[in-house]
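Positions are given from 1, in the same order as the sequence printed here. As the structure lists them, so they are numbered: ligands from 1, and atoms in each ligand from 1.
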Amino acid sequence: MTAQIIDGKALSKQLRAGFRERVGRLAQHGVRPGLAVILVGDNPASRVYVGNKVKACEECGVRSLHVALPADTPEVEMLARIAQLNADPTVHGILIQLPLPAHIDVRRVLEAISVHKDVDGFHLYNVGGLVVGNTIFPPCTPYGVQLLLDTTGTEVAGKNVVVVGASNIVGKPMALMLLQREATVTICHARTRDLAQHTILADILIVAAGKPGLIVPQMVKQGAIVIDVGINRLPDNRIVGDVDFDGVKEKASWITPVPGGVGPMTVTMLIENTLRSAERSLQGTPADHYQEWEAPMLKAV
Ligand code: NAP
């Protein structure tokens with residue numbers, strides 16, 4: 001069996017076309033969605049990520065506000081900047097590019113973002129929402145993976161899902177989102193003993209460990225769906241995921257490539273969350289009533 005490719009680039013393109021229509025509808029109400037991206041310092045990789053986000057905003061008609069702060073910005077100054085953005089009605093989403101310099105308490109700054117503008121979904125309120133199955137802003141990478149899975153037409157309920165990686169931004173929210181969709185979820189991490197013993201049982205295998213070549217064909221069930229979240233730069237400058245793509249594609253039924261799989265979807269879902277925030281702003285509903293107004297999450301198919 002050679003796996004079918006789950007094309008994140010194509011799905012992103014299709015979703016972004018729909019976004020432009022939503023931006024047009026918002027414009028009829030006098031609202032231009034706005035995303036503020038805060039970058040502290042000049043980490044080259046972070047600059048590339050911020051550049052990609054700004055570009056995606058432009059492509060979809062979303063206003064981007066790039067806030068570049070020097071690496072030695074005191075935490076108190078950063079908190080003040082976030083407070084200004086929270087109060088600015090033209091800003092619907094606030095994103096802090098991670099990692100931050102060591103003198104800044106990441107948790108404290110993430111909690112300073114208004115839950116109404118937390119388009120990365122990292123505020124504890126949104127994390128808690130995910131736990132009870134009704135978050136305002138699903139975190140972008142797992143949200144994108146969920147849509148990629150939908151394109152395969154696979155019913156997630158009842159499937160064995162194995163998530164390799166337990167970070168707060170990918171592995172844990174991914175597991176919670178699929179648990180909410182009634183999958184049987186296993187989370188593996190660096191201390192998991194005999195990883196293969198778990199992965200071989202997966203109908204759906206999602207890998208987000210940041211270890212190139214971690215998943216080889218012997219660890220994959222025949223016909224499994226394999227989603228590779230990993231992004232690793234090899235010494236020869238090639239970008240690869242965590243899965244041995246050439247080997248595993250001969251066993252899987254569906255597989256995401258790297259690049260061109262999950263990567264493009266992450267930025268796309270950031271725009272989705274920003275639009276959702278702008279649309280919410282028209283409804284003017286307070287946060288503690290979010291369950292009543294919450295719209296269903298986007299579906300790819
Ligand atoms: P992270 O914070 O470093 O977390 C990695 C997770 O993988 C940890 O839970 C770690 O376990 C686990 N792990 C490490 N080695 C392992 C092993 N040998 N076996 C099993 N589990 C192992 O990384 P992250 O931020 O979640 O990102 C993971 C990967 O996804 C990276 O390559 C990153 O670049 C990529 N990524 C891609 C996108 C995208 O848009 N495509 C977005 C975000 C991240 P412990 O918890 O025990 O340490």
Visitor: Against heavy atoms of Ala166, which atoms of ligand 1 measure under 4.0 Å?
Guide: 6 (C), 8 (C), 9 (O)

Visitor: Decide whether the shortest distance between a heavy atom of Thr141 and an atom of ligand 1 is less than 4.0 Å.
Guide: yes

Visitor: State the atoms of ligand 1, each with its element, that fall below the 4.0 Å cut-off from a heavy-atom position in Gly165.
Guide: 6 (C), 7 (O), 9 (O), 12 (C)

Visitor: Under a single-linkage definition using a 4.5 Å side-chain heavy-atom cutoff for Ile, Leu, Val, Met, Phe, Trp and Tyr, are Ile6 and Met265 assigned to the same hydrophobic cluster?
Guide: yes

Visitor: Taking the minimum heavy-atom distance to atom 33 (C) of ligand 1, which of Ile231, Leu270, Asn232 ranks first?
Guide: Ile231

Visitor: To check your reading of the model: name the closest protein heavy atom to atom 3 (O) of ligand 1, its residue, and the distance in Å.
Guide: Ala209 O, 4.7 Å

Visitor: Heavy atoms only: which of Leu195, Ile169, Val207 lies closest to atom 25 (O) of ligand 1?
Guide: Ile169

Visitor: Only heavy atoms count here, so choose which of His189, Met174, Arg233, Arg191 is nearest to atom 19 (N) of ligand 1.
Guide: His189

Visitor: Below 4.0 angstrom from a heavy atom of Val164, which ligand 1 atoms are there? Numbered from 1 as shown, please.
Guide: 20 (C), 21 (N)

Visitor: Are the side chain of Asn160 and the backbone of Asp203 linked by a donor-acceptor contact shorter than 3.5 Å?
Guide: no

Visitor: Which of the numbered atoms in ligand 1 are below 4.0 angstrom from a heavy atom of Val170?
Guide: 26 (O), 43 (C), 44 (C)

Visitor: Can you pull out the closest protein heavy atom to atom 18 (N) of ligand 1? Residue, atom name and distance to 0.1 Å, please.
Guide: Leu214 CD1, 3.6 Å

Visitor: Who gets closest to atom 37 (C) of ligand 1 by heavy atom: Ile215, Ile187, Val229?
Guide: Val229

Visitor: For atom 47 (O) of ligand 1, what's the nearest protein heavy atom and its distance?
Guide: Ala190 N, 3.1 Å

Visitor: Among Val50, Leu85, Val109, Ile113, exactly one meets side chain to side chain contact (heavy atoms under 4.5 Å, CB included) together with Ile38. Which residue is that?
Guide: Leu85

Visitor: Counting heavy atoms only, which of Pro264, Ser167, Gly241 is nearest atom 2 (O) of ligand 1?
Guide: Ser167

Visitor: Rounded to the nearest 0.5 Å, how far does OG1 of Thr274 lie from CD of Glu279?
Guide: 10.5 Å

Visitor: Please determine, by modelled atom types, if Arg25 and Gln28 share a side-chain donor-acceptor pair under 3.5 angstrom.
Guide: no

Visitor: Identify, for atom 31 (C) of ligand 1, the protein heavy atom at the shortest distance, and state residue, atom and that distance.
Guide: Gly210 CA, 3.6 Å

Visitor: Of the options Glu182, Met177, Arg181, which is the one that meets Val156 in a side chain to side chain contact (heavy atoms under 4.5 Å, CB included)?
Guide: Arg181

Visitor: Closest non-hydrogen protein atom to atom 15 (N) of ligand 1, residue and atom name please, with distance?
Guide: Lys211 CE, 3.4 Å

Visitor: Roughly how far apart are Ile200 CD1 and Gln218 CD, rounded to 0.5 Å?
Guide: 9.0 Å

Visitor: Is the count of non-hydrogen atoms from other residues, nucleotides or ligands lying under 6.0 Å from Arg47 atom CZ greater than 12?
Guide: yes

Visitor: Any chance you could measure Thr90, atom OG1, to Arg32, atom CZ, to the nearest 0.5 Å?
Guide: 10.0 Å

Visitor: Keeping Asn126 on the side-chain end and Gly121 on the backbone end, is there a donor-acceptor pair under 3.5 Å?
Guide: no

Visitor: Using a 4.0 Å cutoff against the non-hydrogen atoms of Thr266, which atoms of ligand 1 qualify?
Guide: 39 (C), 40 (O)

Visitor: Could you check whether any heavy atom of Gly263 sits closer than 4.0 Å to an atom of ligand 1, since that is the contact criterion I want to use?
Guide: yes

Visitor: Among the clusters formed by ILVMFWY side chains lying less than 4.5 Å apart, do Trp254 and Ile215 turn up in the same one?
Guide: no

